[in-house]
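Single-structure report; data block below.
In the text below, chain A, chain B and the rest are named by the order of the sequence lines, each starting its count at 1. Just so you know, these numbers come straight off a predicted model, no measurement behind them.
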2 protein chains.
Amino acid sequence: METEGQRTVSSQGLAHASGVTSAQVRKDLSYFGNFGKRGLGYAVARLRKEIRLILGLNRRWRVALVGAGNMGSALFAYKEFRRQGFDIVAVFDVSADRIGQKWRDLTVRHIDELRAETERLGLDIGVIAVPARSAQGVADRLVAAGMRGVLNFAHRRIQVPPSVALRTVNLSIELESLAFAIKALGAKATGASRRTRATA
Amino acid sequence: METEGQRTVSSQGLAHASGVTSAQVRKDLSYFGNFGKRGLGYAVARLRKEIRLILGLNRRWRVALVGAGNMGSALFAYKEFRRQGFDIVAVFDVSADRIGQKWRDLTVRHIDELRAETERLGLDIGVIAVPARSAQGVADRLVAAGMRGVLNFAHRRIQVPPSVALRTVNLSIELESLAFAIKALGAKATGASRRTRATA
DNA sequence: TCGTGTGAACGAATTCACAGCG
DNA sequence: CGCTGTGAATTCGTTCACACGA
């Protein structure tokens, strides 16, 4: 909306754009502050700034990528991360034929260097892109190195202490959930069942 | 548990393994049927079978991948998909230097062939791994080709008719949400704020 | 005795609806 | 007027607690 030169937006406009109700938008925003003007709506630029502040996007984050395989290289190439304020400034692996590879302006390092590099570079977040069996070990090393957040792409639930933020993205589950939704849609079409639910 | 030879499991055991309460486990499972035996718990093999049936994993799904770039090739290489019953049996792109590439036992095709291939191969699900600006166009073609589900990895919200299941995976949002959680943890540590919430 | 399945109680989240401000 | 911000009403989801079957 800001790019398109729109100055203000109502809770209803935001609701329409994001697929929730206008009351929801107002309640949620008012939880963080009084950003709107009665009779007018929300100033787009101001609101965007406030939300970025709330989310912690008013700074750049330094990200370490662990795992230089297929998933790792795809994540490294994903331009949106940088655009949203997340810079991948270190890549680690254990495989001898990957260590030493030049990835753009940085070199793939052995994971033994994780701790030293974390301090040297001031890394904040570690991204796990290794096989499932190695995931917990990598998580432990990320925590020991002092990371404050971990994003796990391995197909395994991992544990970190409560002082570290954790998110796991399980790609298989995304497809499984699609399969379930397709089943539900089919059942709805034939009228064979209730308990269908919108997905998004 | 099945692999480890465990025969039965209580709702409490499942709760512990999955990070919810035992009452939640019982309520949720009982919604789909009476799978447990009082005094014993749930038979692991039976329960696993029932859940796979509920999720629609009692068959194989035929998946088309659109976008043969970094993300596409990472998804193509991701072995868990096949293991969970999702076979990527076609890959499409528009770029001349990608079309014709051999990816394992299949050939990258021009997206114009999507419709014909969907019918020929009986494709169920389309995965979008293209730049944000092309995402809606690809989605429209997937729908027109007759896909029943769409998994979108592009950094954009897309629309499909209600007869088609849709899921969007926004990788940036995963990192943004980590940033927010890290902020919340920091605030908690300094006692500067309430409203922290567990992540997982 | 153990542990499910499930009403009833509770708590959380959403929606309603409107006072009040620009 | 138009539209926010917010208590009150309502709906939804979770937890409690226990009858009952294995």
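- Closest contact between the side chain of S10(B) and the listed nucleotides dG20(C), dT4(C), dT6(C) involves dT4(C).
- Ring geometry for F86(A) against W61(A) counts as parallel: the plane angle stays under 30°, on a 0 to 90° scale with 60° as the upper cut.
- Atom P of nucleotide dG5(D) and atom CG of L29(A) are separated by 8 Å, given to the nearest angstrom.
- Nucleotide dG5(C) holds its C1' atom 16 Å from the CD atom of Q12(B), rounded to whole Å.
- For R38(B) against dC20(D), a side-chain N or O and a base N or O form a donor-acceptor pair under 3.5 Å.
- Surrounding CD of Q12(B) are at most 12 heavy atoms belonging to other residues, nucleotides or ligands under 6.0 Å away.
- Rounded to a whole Å, the CG atom of D28(A) is 14 Å from the C1' atom of dT4(D).
- Here the C1' atom of nucleotide dC3(D) and the CG atom of L47(A) are 15 Å apart, to the nearest Å.
- To the nearest angstrom, C1' of dC21(C) lies 18 Å from CZ of F35(A).
- Among the protein residues, S22(B) comes within range of no part of the nucleic acid, since none of its heavy atoms lies under 4.0 Å from any strand.
- Map N34(B) and K37(A) each onto its nearest nucleotide of DNA chain C; the residue landing nearer the 5' end is N34(B).
- Using a 4.0 Å cut-off, some side-chain N or O of Q24(A) falls inside it from OP1 or OP2 of dT15(C).
- Here Y42(A) reaches the OP1 or OP2 of dG5(D): one of its side-chain N or O atoms lies under 4.0 Å away.
- The nucleotide whose nearest atom lies closest to any side-chain atom of A23(A) is, among dC16(C), dG5(D), dG3(C), dC16(C).
- Counting only distance, with no hydrogens or angles, the side chain of K183(A) and the backbone of L55(B) share no donor-acceptor pair below 3.5 Å.
- Between D124(B) and the choices R59(B), R62(B), R60(B), the side chain to side chain donor-acceptor pair (under 3.5 Å) rule is met once, by R59(B).
- Phosphate proximity of dT15(C) to T21(A): present, with a side-chain N or O under 4.0 Å from OP1 or OP2.
- Rounding to whole angstrom units, CZ of residue F32(B) and P of dT4(C) are separated by 18 Å.
- Judged purely by atom type and a 3.5 angstrom limit, K49(A) has no side-chain atom pairing as donor or acceptor with the backbone of N58(A).
- In this model, the phosphate group of dG3(C) is not approached by any side-chain N or O of S11(B) to a distance below 4.0 Å at OP1 or OP2.
- Comparing K27(A) and V9(A) along DNA chain D, the residue whose closest nucleotide (by nearest heavy atom) sits nearer the 5' end is V9(A).
- Take the nearest nucleotide of DNA chain C for L40(A) and for R26(A): the residue whose nucleotide is more 5' is R26(A).
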